[in-house]
Amino acid sequence: MRIAVTGSIATDHLMTFPGRFADQLVADQLHTVSLSFLVDGLNVRRGGVAANICFGMGQLGTAPVLVGAAGADFDEYRAWLDRHGVDTGSVRISEVLHTARFVCTTDADHNQIGSFYTGAMSEARLIELQSVAERVGGLDLVLIGADDPEAMLRHTEECRSRKIPFAADFSQQIARMNGDEIRILLDGATYLFSNEYEKGLIESKTGWTEEEILSRVGHRVTTLGSRGVRIERAGEDPIEVGCPEEDAKVDPTGVGDAFRAGFLSGLSWGVGLERAAQIGCMLATLVIETLGTQEYTLRRAHFMDRFTKAYGDEAGAEVKAHLA
């Protein structure tokens, strides 16, 4: 199964200020704020939902195709992804804009001041999926993740017109989309991904009931945080999968992306929905135990030991045949 993942490609520049922002603010001068903070630390991390998902799929050996836009500063990031099993040949490189970037400073009270530069992400709307399909020999599924909104709409319409199965995954972009846009993006999707809060927001914004949405998508996949995931399909009993036990809860950033990576890898291997969800939950657990979205290492034996402990010998044997 050949899977392409569209969405954002970005880097996060995270800094720490040892003091308190509040101590630097003068109440009657807030209309003319001009401040500079001397920070103690800087962490530069690779991110973006499409890149995170593809990294996880690459760790599982399923050779995902990354589709998105980046700047001329993408070379080092590209080399990292290539080295971890990601096909980056369909990433559009902007001639004038830098790769999207989140810059954030956190103070001693965990207050944050941040800025997000969309940069090259705005050119994702210029990418033609047909050219991607021709380059890789066809596409069996396209996940349409959070990206430039125009790109998300274009990719969705192209999948429909070319009859390419697609998965709708609005993620953080759902906050800025209206009901009409969300209806376009989900109608006819083979899979609809969201967390519990986003699930309610989708229903509120579209005005469609849960049953109406299920009638318009093949499968509705809802992540439930520490409780795992629920998969629903019209006229069938839901499938619910719990999470493996965590060794530690270090950083929840990127956990949802890791679940999608594991789930899509399971689909690529041809395992059932329950097994695919179990793979996704196991990979998500590895990410929550690690600081950063692409900083974990998937050691096959370790992964299989924990997976088998969580889901049983039969599940372990089936997954091991593919993971090996």
Side-chain angles (χ1 to χ4, degrees), residues 1-5 50 52-66 84-87 136-145 164-169 189-195 214 217-224 227-245 254-288 296-324:
M1 198 174 177
R2 197 62 161 159
I3 299 177
V5 180
N52 288 343
I53 293 169
C54 283
F55 176 83
M57 295 178 69
Q59 290 279 280
L60 290 166
T62 51
V65 181
L66 175 61
H84 287 87
V86 178
D87 180 338
V136 301
L139 293 171
D140 300 299
L141 180 69
V142 176
L143 181 135
I144 300 171
I164 303 171
F166 68 95
D169 186 12
T190 304
Y191 300 94
L192 170 62
F193 289 96
S194 71
N195 60 32
L214 280 176
V217 301
H219 307 81
R220 190 169 195 182
V221 184
T222 307
T223 55
L224 310 172
R227 293 181 287 116
V229 62
R230 181 175 60 249
I231 304 172
E232 299 170 282
R233 188 172 186 178
E236 298 187 10
D237 292 334
I239 298 169
E240 296 195 357
V241 171
C243 289
E245 185 177 350
V255 168
D257 297 336
F259 169 78
R260 288 152 175 76
F263 184 83
L264 293 174
S265 294
L267 296 181
S268 179
W269 291 336
V271 303
L273 292 172
E274 180 178 14
R275 195 75 73 235
Q278 291 169 346
I279 299 164
C281 288
M282 185 69 253
L283 197 64
T285 301
L286 296 184
V287 172
I288 205 171
Y296 61 98
T297 300
L298 195 153
R299 302 189 306 275
R300 264 60 178 175
H302 174 257
F303 183 94
M304 287 311 313
D305 285 347
R306 294 186 64 181
F307 184 87
T308 302
K309 179 181 177 182
Y311 300 116
D313 292 339
E314 182 179 344
E318 183 176 6
V319 171
K320 186 176 182 180
H322 298 283
L323 192 62

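Because the structure is predicted, anything quoted here is derived from the model rather than measured. By convention here, the first residue in the shown sequence is residue 1.
- Within the 4.5 Å cutoff, no side-chain heavy atoms of F259 are placed close to those of N195.
- Rounding to the nearest 0.5 Å places NE2 of H322 at 12.0 Å from OG1 of T62.
- Judged by distance alone, the side chain of S268 and the main-chain N or O of L264 form no donor-acceptor pair under 3.5 Å.
- Between the side chain of R306 and the backbone N or O of E245, at least one donor-acceptor pair lies under 3.5 Å.
- T308 is not listed as a side-chain neighbour of K320, based on a closest heavy-atom distance of 4.5 Å or more.
- A pairwise comparison of heavy atoms in L298 and R300 identifies O-NH1, 3.4 Å as the closest pair.
- Taking CG of L273 as the reference point, atom NE2 of H219 lies at 4.5 Å (rounded to 0.5 Å).
- Listed by first and then second residue, the salt bridge (Lys or Arg N to Asp or Glu O under 4.0 Å) pairs involving residues 256-275 are D169-R260, R275-E318 (not counting sequence neighbours).
- Rounding to the nearest 0.5 Å gives a distance of 4.5 Å between CH2 of W269 and CG of L60.
- Counting only residues at least two apart or on different chains, no salt bridge (Lys or Arg N to Asp or Glu O under 4.0 Å) pair has a member in residues 234-243.
- With hydrogens and angles ignored, the 3.5 Å screen pairs a side-chain donor or acceptor of Y311 with a backbone N or O of G242.
- Between P238 and R230, the shortest heavy-atom contact is CB-CG, 4.0 Å.
- Counting heavy atoms from C-beta outward, I231 and F263 have side chains that approach closer than 4.5 Å.
- In this structure, OG1 on T285 lies 11.0 Å from CZ on F307, to the nearest 0.5 angstrom.
- Residues P64 and G58 share a closest heavy-atom pair of CD-N, 3.8 Å.
- The shortest non-hydrogen separation linking G266 to A276 is CA-CB, 4.1 Å.
- Closest approach of V229 and C281 over heavy atoms only: CG1-SG, 4.0 Å.
- In plain terms, the two heavy atoms of T190 and P165 that are nearest each other are OG1-CB, 3.6 Å.
- Considering only residues two or more places apart in sequence or on other chains, V287 meets the side-chain contact (heavy atoms from CB on, under 4.5 Å) condition with V255, A258, Y296.
- The main-chain N or O of R2 is found under 3.5 Å from a side-chain atom of D140 such that the two form a donor-acceptor pair.
- L267 contributes atom CG, which lies 5.5 Å from atom CE of M1 (distance to the nearest 0.5 angstrom).
- Taking CG of L224 as the reference point, atom SG of C243 lies at 8.5 Å (rounded to 0.5 Å).
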